[in-house]
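Each residue takes its place number in the sequence, starting with 1. We count ligands from 1, going down the list as the structure has it; atoms in each ligand are counted the same way.
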Amino acid sequence: VPTAFTHAIIPFSLAIAAGRERIPPGLLVAGVVASILPDGDVVPLFLGVPYASPFGHRGFTHSLFFAGLVALLGALLLRRVPFPRAFAFLFLAAVSHPLLDALTTGGLGVALLAPFSDERFFAPWRFIRVSPLGFSRFFTSRGLLVATSELLCVWLPCLLTASLLWFRRRTLATAEQ
Ligand SMILES: [Zn+2]
C-alpha cells in the first residue's frame, strides 16, 4: 500500500496532462475514487479474512478484472462524458493502484489475474517503501520514511511528467492561434 494520497496522484496527473476539457471535474473525482477503491479490501482483512486468501488484502480488488469492472460501472454512470474516454481514464486510474502496490517493498504481491488465478505478483524492481496499514501508525518515523519515498518515487515523476505534457499542450494551443 502506498498511501491513499499517492494512489490519487495518478488520476490527478493524468487529468493535468489531458486537460480539463477532456477530463472534467466529475470524471476526475470518479478517477480518484477508482484509484483508492481497491484498498477497501482492508475491511475484510481487519474482519479476519486472511491476507493471502483470494478476497484478502491485495486480492480480487487488485486485479485487472476488478479495474475493468469499476471502469465499466463508472463510465456507464457518468453519461455526460463519452463512454470510451471515461472508461479509459477510469481503467487507468483503477489499474494504477495494483501496479503501484506491486512496486512496494512489503506485504504480499497483487492478484492481478484474479479471479482466474490466485497468483500474487510483484514488479521485478521494488522501490516504494510499504506504508503501515493503520492510519494512526502513519504519523511515526516509519510513516515519514514512507512519505519521503512516495514523494520521490511517485509524486515527483508523476507531477513532473504531467506538467511537461500540460506545458506542451499549452504551447501547441497558442501556436495554433
Ligand atoms: Zn492496495
If you stand at the Zn ion (ligand 1) and look out to NE2 of His97 and NE2 of His62, what angle do those two lines make, to 10°?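 Seen from the Zn ion (ligand 1), NE2 and NE2 are separated by roughly 90°.
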The Zn ion (ligand 1) to Asp101: nearest N/O/S atom name: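 It is OD2 of Asp101.
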Of the N, O or S atoms in Asp39, the one nearest the Zn ion (ligand 1):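 That would be atom OD1.
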Just checking Phe167: does its CZ atom have more than 12 heavy atoms from other residues, nucleotides or ligands closer to it than 6.0 angstrom?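 Open.
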Quick test of your reading of the model: are Arg58 and Asp41 salt-bridged, counting only N-O distances below 4.0 Å?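 So Arg58 does not pair with Asp41 through a salt bridge.
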List the steps and the verdict of side chain to side chain contact (heavy atoms under 4.5 Å, CB included) for Leu27 and Leu90. CA-CA 8 Å; Leu27 181 55; Leu90 293 176; 4.0 Å; yes
Test side-chain hydrogen bond (donor to acceptor under 3.5 Å, both in side chains) on Arg168 and Ser163; report intermediate values, then the result. CA-CA 8 Å; Arg168 185 167 163 268; Ser163 319; over 6 Å; no
